[in-house]
Q: 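Here's a structure for you.
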Amino acid sequence: MKLRNKAAALLLLALAALLLAGLSLRARRAASPAPLARPASAPPRRPAPGPARLPGPGALPGAVQSARRRRPPRPRPRDSRRGAASLKKLARRPGELGSFQAVLPPELWIHLAVVACGNRLEETLVMLKSAVLFSHRKMQFHIFTEESLKSEFDKQLRQWPDSYTKKFEYRIYPITFSVGNPQEWKKLFKPCAAQRLFLPVILKDVDSLLYVDTDVLFLRPVDDIWKLLRQFNSTQLAAMAPEHEIPKIGWYSRFARHPFYGSAGVNSGVMLMNLTRIRSAQFKNSMIPTGLAWEDMLYPLYQKYKNAITWGDQDLLNIIFYFNPECLYVFPCQWNYRPDHCMYGSNCRAAEREGVSVLHGNRGVYHDEKQPTFKALYEAIRDFPFQDNLFQSMYYPLQLKFLETVHTLCGRIPQVFLKQIEKTMKRAYEKHVIIHVGPNQRR
């Protein structure tokens, strides 16, 4: 019995020792820091090569060399990497993340033109701000304005933060008309609006251009509308949206006393132009049987129809494309969304599906109480502090403002106005916050 008791005691002691050893091993493992998580897409790390071992006794000669031959080093394209590194150095400013935008050749920039006279300074700056907030590619702004506004444009644009001013360059031009009576052109419709007709003549070194009115706001990157240039066929040289979606209630179809494009006319507040094609084309017209160059056509066309036109330069463009319909690409109303698309009931199907991409606040709706939905968007972008979080300082306050507009027909469809701007903000957040935070910064 004594022997059995002793054997049992020894067995219990051995089991206790094994249990203690297991617990101490587990404690050591828990104390060691866990490796950082790696993204699923990252390639597996290869262990760092240790110091070369000398062959031990009895090893065959050349064993170390043969082991090295089993894993030949991959050839590295050093020249291309060196080139990429030099591009990064050129594109990066001190203290900023690397970017290739600064080294894009000028022909790859987006060219944006606007004409601002009278009291349109603030509107124009808010429009440019909306373009800079959301866009990715570098832009060249072409600002046509009166002498009295030049210094103010220059002063205001220079005050923007470096993180935004690096995304664009700008040039300020005087108001000039190459043919006809300048004062007559200047007063044709809104102050200086006819300047847009002369952009192909003035900007001779620019291949393509996006022209917008001062009362336009971009709710998604300008890059996206710029891509529509690729959809032009061989004869198309400009793009605009219809003036109205329903001809029965459209202005041109009911009241126009001159020819106009299609069944409802086009609106020129947002206009893509291939200036190279415009400069080289011969346009059919109602004055002579042969074609006329763009510049040669403008003043005779105005002289013929000046007593019949109501909307100035837009009417002249409608007349031009009435005689040359093959030259125009028509893009959907979401790229030029105006109060007419919702104030009588929603009639822009593209915006209902995809949301408003470019908002056009004509009729002065940014500055009165007739369409509070448009005014809310304008004020949200105008008052947004550049360096703040887009969701916290723009999107959430905008949602609250929209609750106050549900008594209007436009205010009853807030998703139409918010869909694209929400997508744009999410993309901006993912690009600047998530992608730029590497695995070593996330715990």
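Numbering of residues begins at 1 and proceeds along the displayed sequence. Everything numeric here is computed off the predicted structure, so don't read it as measured data.
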Q: In terms of relative ring orientation, are Tyr302 and Trp185 parallel, tilted or perpendicular, with 30° and 60° separating the classes?
A: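 Geometry flag for Trp185 against Tyr302: tilted rings.
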Q: Does Met240 offer a backbone N or O that forms a donor-acceptor pair with the side chain of Asn336 under 3.5 Å?
A: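 Here the side-chain-to-backbone pair does not exist.
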Q: Indicate, with yes or no, whether the SG-to-SG separation of Cys342 and Cys348 is under 2.5 Å.
A: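 With an SG-SG separation of 2.5 Å or more, Cys342 and Cys348 do not form a disulfide.
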Q: Where the side chain of Glu146 meets the backbone of Gly118, is there a donor-acceptor pair that is under 3.5 Å apart?
A: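 Pair found, side chain donor or acceptor close to backbone of Gly118.
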Q: Return yes if a side-chain donor-acceptor contact under 3.5 Å exists between Tyr337 and His360, otherwise no.
A: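 There is no such pair (donor and acceptor under 3.5 Å, judged by atom type) between the side chains of Tyr337 and His360.
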Q: Mark yes when over 12 heavy atoms from residues, nucleotides or ligands other than Glu147 sit less than 6.0 Å from its CD; otherwise mark no.
A: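 No.
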Q: Evaluate the side-chain hydrogen bond (donor to acceptor under 3.5 Å, both in side chains) criterion for residues Asn347 and Glu245: first the C-alpha distance (whole Å), next the side-chain angles of each, then the deciding distance (0.1 Å), finally the verdict.
A: CA-CA 7 Å; Asn347 58 57; Glu245 302 304 301; over 6 Å; no
Q: Taking Thr176's backbone N and O only, do any of them form a donor-acceptor pair with Gln195's side chain (distance below 3.5 Å, no angle check)?
A: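 Here the side-chain-to-backbone pair exists.
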Q: For the backbone of Asp215 and the side chain of Tyr366, can you confirm whether one donor and one acceptor N or O come within less than 3.5 Å of each other?
A: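 Yes.
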Q: Are Lys129 and Tyr164 in a cation-pi contact, defined as NZ or CZ under 6.0 Å from the six-membered ring centre and within 45° of the axis?
A: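 Pair Lys129/Tyr164 does not count as cation-pi.
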Q: Under 6.0 Å from the CZ atom of Arg349, do we count more than 12 heavy atoms belonging to anything else shown?
A: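 No, CZ of Arg349 has 12 or fewer neighbouring heavy atoms, counting only those of other groups under 6.0 Å.
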Q: For the backbone of Lys150 and the side chain of Asp154, can you confirm whether one donor and one acceptor N or O come within less than 3.5 Å of each other?
A: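 Here the side-chain-to-backbone pair does not exist.
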Q: Answer yes or no: is there an ion pair linking Arg279 with Glu295, defined by an N-O contact shorter than 4.0 Å?
A: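 Looking at Glu295 together with Arg279, the answer is no, because their closest N to O distance does not fall below 4.0 Å.
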Q: Give me the ring orientation class for Phe260 and His258: parallel if the planes are under 30° apart, tilted from 30 to 60°, perpendicular past 60°.
A: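 The arrangement is perpendicular - the two ring planes meet at more than 60°.
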